[in-house]
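Below, chains carry the letters A, B, ... as their sequence lines are ordered, and counting in each starts from 1. Model, not experiment: these values are computed from the prediction.
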Amino acid sequence: MPESPCPSPREPSAAGGGVVLTVVVPMPAHGGLDARLSYRHPHPLPSGTLVRVPLGRRTVLGVVWPEAPDGEAPAREALRPVQEVLTALPPLPDEWCALVAFAARYYQRSLGEVALAALPPALRALDAAGLQRRLARRADMTPAAPTAPAPSPTPDQQAAVQAVAEADRPVLLFGATGSGKTEVYLQAAAQVLARDARAQVLMLVPEINLTPQLEARVRERFGAAVVTLHSGLTPAQRLRHWLAAHLGQARVVLGTRTAVWTSLPRLRLIVVDEEHDPSYKSQEGARYSARDLAVYRAHLLAAQGCRVVLGSATPALESWHAALQGRYRLVELSDRIGGAARPALRLLDMRTQPRGALLAPALLEAIQARVARGEQALLLLNRRGYAPVLACPDCGWTSGCPHCSAYLVFHKDERRLRCHHCGHAAAVPRACPDCGNVDLAPLGRGTQRLEEHLEQTLAGLRRPDGAPVRVGRLDADSARTPQQLQALLGQVHRGEVDVLVGTQMVAKGHDFRRITLVAAVNPDAALFASDWRAPERLFALLLQAGGRAGRDATFMAAQGSRAELWVQTAYPQHPLFAALARHDYPGFAAQQLEERRAAGMPPFAHQALLRAEARTLEAALAWLQLAAQQTDGLPGRAHVTLYAPVPMTMVRVAGVERAQLLLESASRPALQALLAAWTPRLHALRRAGPARGLLRWAIDVDPLGY
DNA sequence: AGCACGCCGACT
DNA sequence: GTCGGCGTGCTC
């Protein structure tokens, strides 16, 4: 881009005032304006150029947009001039603008909101001079060549890499834990980078902080050409890494869902690891799915040869269905490279166990036996705290949160009651607030209670080295910071912990070498939860957790042990467990898809939610009712089912009442057409006033759960 | 969303 | 007599 003369900040140039530019600015889609505003500038600028423009009383970062403004822009003379052009940066690629435009349209948000949220926050605050300074400081960054040599791939992996290179559609890489998916990503990336000296690769992961070993592996392979992008970085780091990507210096970007927006001028491969993971779906602002946007982004770059790989041992049913239909190319990796046996499933029928037993006697014995042999056990319980409720057995009082429709969880170690939804904390009452009874009882079990129970039960038991058995706990309370998490994981790795109790956090990719037994203590809630995606998530969790057992084949052989996954359930006949016993994801998926087809649920139907938050539930429901009426006569209406507005399962969070309205259609275009016509009406409805007490509303396209 | 302007309660 | 609560309104 040519160095432009600094535009005069005040007066328009004489004849005609130069050209009119469409600039996207950070503004939600209120009322008539859609965040594409017009500004004057002495000469044309390429689309994607970053500029600073006046907006009201402020100066904001904006992006020069490819199209003309839609509505009636003010007369040229009335336009305000572009204040500053960030000439130090090349324009954002057209493909980036197209991705932003698509997402804004699809998720019903303004262009400006999506575009500016897609840029690093620190960039929004920089002017041209500040940017110059920033760039000067990092001018010495040199793109580095790959460092560590790649191990030679197995024939399976070789074939998978080949399939990725040749695929004319997204590849769904399906392979169990330990089948070597990561190696396929790395080999595919290496191939792309070797073929084109400027090519770039985007690797998305669900949570970078939980899996530092992946980052280490990527760095080991690609060295200083790797940058990371995730929420754990400081604003300055984030900007630095983003700039490296935008300027083409970073060859590999490894990041969480926000990284899908990274400007990558020569993007040639996108990897979405653990593509089924719900954290790819944003729950704030534009509720986008980074996985779906990754697929769309690769589609935009298809002519440039960009590929996309979605990897999982338990794909999202949407992805699996797409693969069965042939929209995605299914590539399968055969089982564990190390040759370790898959864990055997042991179902414990809790209906036949002693009443009130936290752990079935057989499970406890199995844990004791393994620990005494120097093996480790992992216990999964998806509730943190000591007990989910404190209750009065006399009058029936329960520890409800004053701000939420949830119980205050009893945390014994802190001697406090805490709400896991709004953070409210209170001291444990000495006596029942209602009747004065001093014998309040903790109801149900959390990880702290299980830990305590195990410490008592295993007290006196010795490991082979004569040391007493140690119990550890890994949950959001014990691992509040990444440092604490790493410390805990270190203890487990070094064998200082024999029995580890944890929430689903423990199932994520940690390589615990001496764990030979994994147990799900109480997974039944997910079988019949109101969230109909719960079984899918449970299957993924149990399969993934089971994959933690017996990862070290040498150790297993030396021990003569067999890896086992124990599940305590009152529903042992549930078909989910039959599929789990066979490690049969395809069977499970087929059964789930059949249910979904019969019930007209996704992926056989497309959904959107209108969510409303208000001071009172009545206000939220009333507004949704009004909103529903606004769909009359809109395009697509005949092909979209509107359900009645209902309170959310968690109605009240932090003093705010929440309700939602479900829209469903077999036709995605019909649903999209309706939403596109509806959204402006909803903005108008809000402005017109009849939304007394309404705090916020939002549309969630392709919602995950409710 | 910001950031104003704009009218009604407890503080220097 | 002011600081400040957040209710409408506007942003090329």
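With rounding to whole Å, A:R615 atom CZ is found 9 Å from C:dC6 atom P. We find that CG of A:L694 is positioned 13 Å from P of C:dG7, with the value rounded to whole Å. With rounding to whole Å, A:R124 atom CZ is found 13 Å from B:dG2 atom C1'. Regarding A:L695, its CG atom lies at a distance of 12 Å from the P atom of C:dC6, rounded to whole Å. Put simply, CD on A:E67 is 20 Å from P on C:dC12, counting in whole angstrom units. Look at CE on A:M27: it is 9 Å from P on C:dT11, rounded to the nearest Å. In this structure, the CZ atom of A:R76 is 13 Å from the C1' atom of C:dC12, given to the nearest Å. Rounded to an integer number of Å, the gap from A:R80 CZ to C:dT11 C1' is 9 Å.
Along DNA chain B, the nucleotide nearest A:P26 and the nucleotide nearest A:R57 are compared for position; the residue whose nucleotide lies closer to the 5' end is A:P26.
Contact between A:V701 and A:K281 at its shortest, heavy atoms only, is O-NZ, 3.2 Å.
A:T641 and A:E664 share no donor-acceptor pair across their side chains, judged by distance under 3.5 Å alone. Side-chain contact, A:R291 with A:Y296: no donor N or O sits under 3.5 Å from an acceptor N or O.
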- Task: Quick one: do A:R533 and A:E318 satisfy salt bridge (Lys or Arg N to Asp or Glu O under 4.0 Å)? Show the steps, please.
- Result: CA-CA 11 Å; A:R533 280 183 216 260; A:E318 282 77 4; 2.9 Å; yes
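Side-chain atoms of A:L79 lie closest to C:dC12 of the nucleotides B:dA4, C:dC12, B:dA1.
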